[in-house]
Each structure stands twice: as structure tokens, then as C-alpha cells.
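Notes to accompany the following structure.
Predicted model only: the values in this text are computed from it and were never measured.
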Amino acid sequence: MKPTLVRPSGVERTFSEGELIVTKTDPRGVITYANDVFLRMSALTEEEAVGQPHSVIRHPDMPRAVFKLLWDTLKAQNEIFAYVVNLAADGAHYWVFAHVTPSCDSAGRVVGYHSNRRVPSRAAISAAEELYGVLRAAESRYDRTPDAVAAGEQALIRILAERGRTYDELVWDLA
């Protein structure tokens with residue numbers, strides 16, 4: 001699938017509380033497996049999804065600092081929970097409560113990542129939107145991506161310090 005510039009349509013797509021979105025990737029984040037719920041929500045066929053970087057569904061409203069935190073956590077071979085808004089191939093968006101874990105071989109080497117996503121509560125989505133707005137505002141002050149990511153990361157660190165929470169505690173507070 002050739003990368004295209006998908007513009008958000010403003011249409012929100014939802015899935016049921018009994019469903020799980022599941023994907024697996026290789027160590028570089030390239031999709032190796034996608035379940036039927038992922039395919040339906042992302043408006044991709046299996047042929048379009050498998051072999052693509054997972055960022056194929058990245059919504060422009062997601063702060064880059066959150067993805068930096070995600071990758072830093074996974075590279076340390078730890079799991080992470082996060083609220084994520086994704087962008088489907090048809091421009092619709094959908095919110096998920098993601099749980100991403102490294103998959104290791106018998107020698108402990110990371111061979112990929114496994115992600116399960118559930119339906120988040122409306123209250124959690126509202127809180128995440130508010131937090132992500134602050135992070136995006138910090139990131140938008142910079143033209144260079146590394147500077148923008150660093151600014152978003154510093155804003156997140158400041159917010160966590162003000163609230164006296166770790167990132168994990170903040171995520172579970174929203175749940």
C-alpha cells in the first residue's frame with residue numbers, strides 16, 4: 001500500500017465493549033498480524049495492513065511525546081498502557097485504551113510487540129483530549145521534530161509533577 005495523506009473527517013467510529021483490537025508487529029513496528037476488529041476499525045484490508053508500519057493509523061492529534069514514551073518503555077522491555085486516537089484509512093477516527101507489550105524469544109530478545117486495545121470510557125477520552133491538547137500546544141511551538149518531541153515530553157513531565165503522579169498512575173486514574 002502506498003502511503004497517502006489521509007485527512008481526518010471528524011467522523012468517530014466506535015467498537016463494542018466486548019471486542020478487542022489486536023495487532024502484532026515486528027521489532028521495528030511493522031504490522032505482522034491484525035485481527036478483524038482492527039481491520040474494520042482502521043478501514044484497511046489485511047493486505048493493506050500487514051507489512052505497513054503501525055504508524056499507518058497515526059492520527060495527527062496524537063502528541064509525538066506519547067509515542068516517544070511508548071517506544072522508550074517498550075525498548076526497556078516493559079509494558080505500557082495508553083489512550084490513543086487512531087486515524088482510519090477513510091478519515092474516521094477511533095479512541096482506544098491500548099496495552100502494548102514486548103514479545104520475547106526464549107533467549108529474552110524482543111522479536112516484536114503485541115497490542116490489545118479496548119473501548120475507553122467517554123470520561124477517559126475527554127481527559128485524554130485535554131491532556132493531549134496541552135502536549136500538542138507545547139509541541140507546536142517547534143518546527144524541528146526532535147525539538148517538538150522534547151517540548152511535549154517536558155510538558156508531560158511537568159503535568160505529572162504538578163499532579164504528583166507517575167504516567168502509569170495518571171493512565172489508571174483516567175480509566
Side chain to side chain contact (heavy atoms under 4.5 Å, CB included) partners of Asp105, counting only residues at least two apart: Ala107, Arg109, Val111
Asp90 and Arg13: side-chain contact (heavy atoms from CB on, under 4.5 Å), yes or no, with the steps? CA-CA 11 Å; Asp90 61 3; Arg13 182 171 291 138; 2.5 Å; yes
Return the set of residues passing side chain to side chain donor-acceptor pair (under 3.5 Å) with Asp26 (not counting sequence neighbours), or none when no residue passes. Arg28
Glu139 side, atom CD; Thr145 side, atom OG1 - distance, nearest 0.5 Å: 9.5 Å
Can you name the closest pair of heavy atoms from Ile31 and Ala49 and give their distance? CB-O, 3.6 Å
Short question: side chain of Thr32, backbone of Lys24 - any donor-acceptor pair under 3.5 Å? yes
Does the Thr45 side chain pair with the main chain of Glu48, one donor and one acceptor, at a distance under 3.5 Å? yes
What closest approach, in Å, do Tyr94 and Met41 show between heavy atoms, and which atom pair accounts for it? CE2-O, 3.3 Å
Does the side chain of Asn86 reach to within under 4.5 Å of the side chain of His59, using non-hydrogen atoms? no
Single-linkage hydrophobic cluster, 4.5 Å side-chain cutoff, Leu174 and Leu160 together: yes
Quick one: does Asn35's side chain have a donor or acceptor within less than 3.5 Å of a partner on Leu20's backbone? yes
Side chain to side chain contact (heavy atoms under 4.5 Å, CB included) partners for Pro60, two or more places apart: Pro8, Leu87
Enclosure of Glu162 CD (heavy-atom neighbours >12, cutoff 6.0 Å): yes
Are a donor atom and an acceptor atom from the side chains of Arg7 and Ser9 found within less than 3.5 Å of each other? no
Applying salt bridge (charged side-chain N to carboxylate O under 4.0 Å, His left out), name anything that partners Asp168, two or more places apart in sequence or on another chain. none
Would you mind reporting whether Glu46 and Leu39 have side-chain heavy atoms less than 4.5 Å apart? yes
Quick one: which residue pairs count as a side-chain hydrogen bond (donor to acceptor under 3.5 Å, both in side chains) with a foot in residues 121-136, not counting sequence neighbours? Glu12-Arg122
Report yes if the side chains of His114 and Val22 come closer than 4.5 Å at any heavy-atom pair, otherwise no. yes
For the student: nearest non-hydrogen atoms of Gly29 and Trp71, plus distance: CA-CH2, 3.9 Å
Return the set of residues passing side chain to side chain donor-acceptor pair (under 3.5 Å) with Ser106 (not counting sequence neighbours), or none when no residue passes. none
Report the residues that fulfil side chain to side chain donor-acceptor pair (under 3.5 Å) with Gln154, sequence neighbours left out, ordered by chain and then residue number. none
Within one Ile-Leu-Val-Met-Phe-Trp-Tyr cluster: Ile159 and Val66, side-chain cutoff 4.5 Å: yes
Side chain to side chain, Gln52 and Leu44, heavy atoms closer than 4.5 Å: no
Is any side-chain heavy atom of Val30 less than 4.5 Å from a side-chain heavy atom of Thr25? no
Contacts of type side chain to side chain donor-acceptor pair (under 3.5 Å), residue His99, not counting sequence neighbours: Glu79
Evaluate Asp173 against Arg163 for salt bridge (Lys or Arg N to Asp or Glu O under 4.0 Å), listing each step before the verdict. CA-CA 11 Å; Asp173 286 348; Arg163 296 183 184 183; over 6 Å; no
How would you list, by chain and number, every residue that makes a side chain to side chain contact (heavy atoms under 4.5 Å, CB included) with Asp36, sequence neighbours excluded? none
If you group Ile, Leu, Val, Met, Phe, Trp and Tyr by side-chain heavy-atom gaps below 4.5 Å, do Ile157 and Tyr83 land in one group? no
Any chance you could measure Thr14, atom OG1, to His93, atom NE2, to the nearest 0.5 Å? 10.0 Å
Report yes if some heavy atom in the side chain of Val119 is under 4.5 Å from a heavy atom in the side chain of Val96; otherwise report no. no
Heavy-atom check, side chain of Leu70 versus side chain of Val100, under 4.5 Å: yes
Distance in Å, Leu135 CG paired with Leu131 CG, rounded so as to fall on 0.5 Å steps: 4.5 Å
Of all the heavy-atom pairs spanning Ser140 and Ala137, show the shortest one and how long it is. OG-O, 2.8 Å
Tyr113 and Pro102 have their tightest heavy-atom pair at CD2-CA, 3.6 Å
Testing Arg117, Arg118, Arg40 one by one against Glu19 for a salt bridge (Lys or Arg N to Asp or Glu O under 4.0 Å), which residue passes? Arg40
Give, for atom NZ of Lys75 and atom CD of Gln77, the distance between the pair rounded to the nearest 0.5 Å. 12.5 Å
Sort and list the pairs that fulfil ring pair (Phe, Tyr, Trp, His ring centres under 6.0 Å) and have at least one residue in residues 146-175, not counting sequence neighbours. Phe81-Trp172, Phe97-Trp172
What's the shortest heavy-atom distance between Ala138 and Ala155, and which atoms? CB-CB, 3.9 Å
Residues passing the side chain to side chain contact (heavy atoms under 4.5 Å, CB included) test with Lys68, sequence neighbours excluded, are Asp72, Val149, Glu153
Looking at Arg165 and Leu170, would you say the former's side chain and the latter's main chain have a donor-acceptor pair under 3.5 Å? no
Is there any ring pair (Phe, Tyr, Trp, His ring centres under 6.0 Å) pair reaching into residues 13-52, and which pairs are they, with sequence neighbours excluded? Phe38-His54
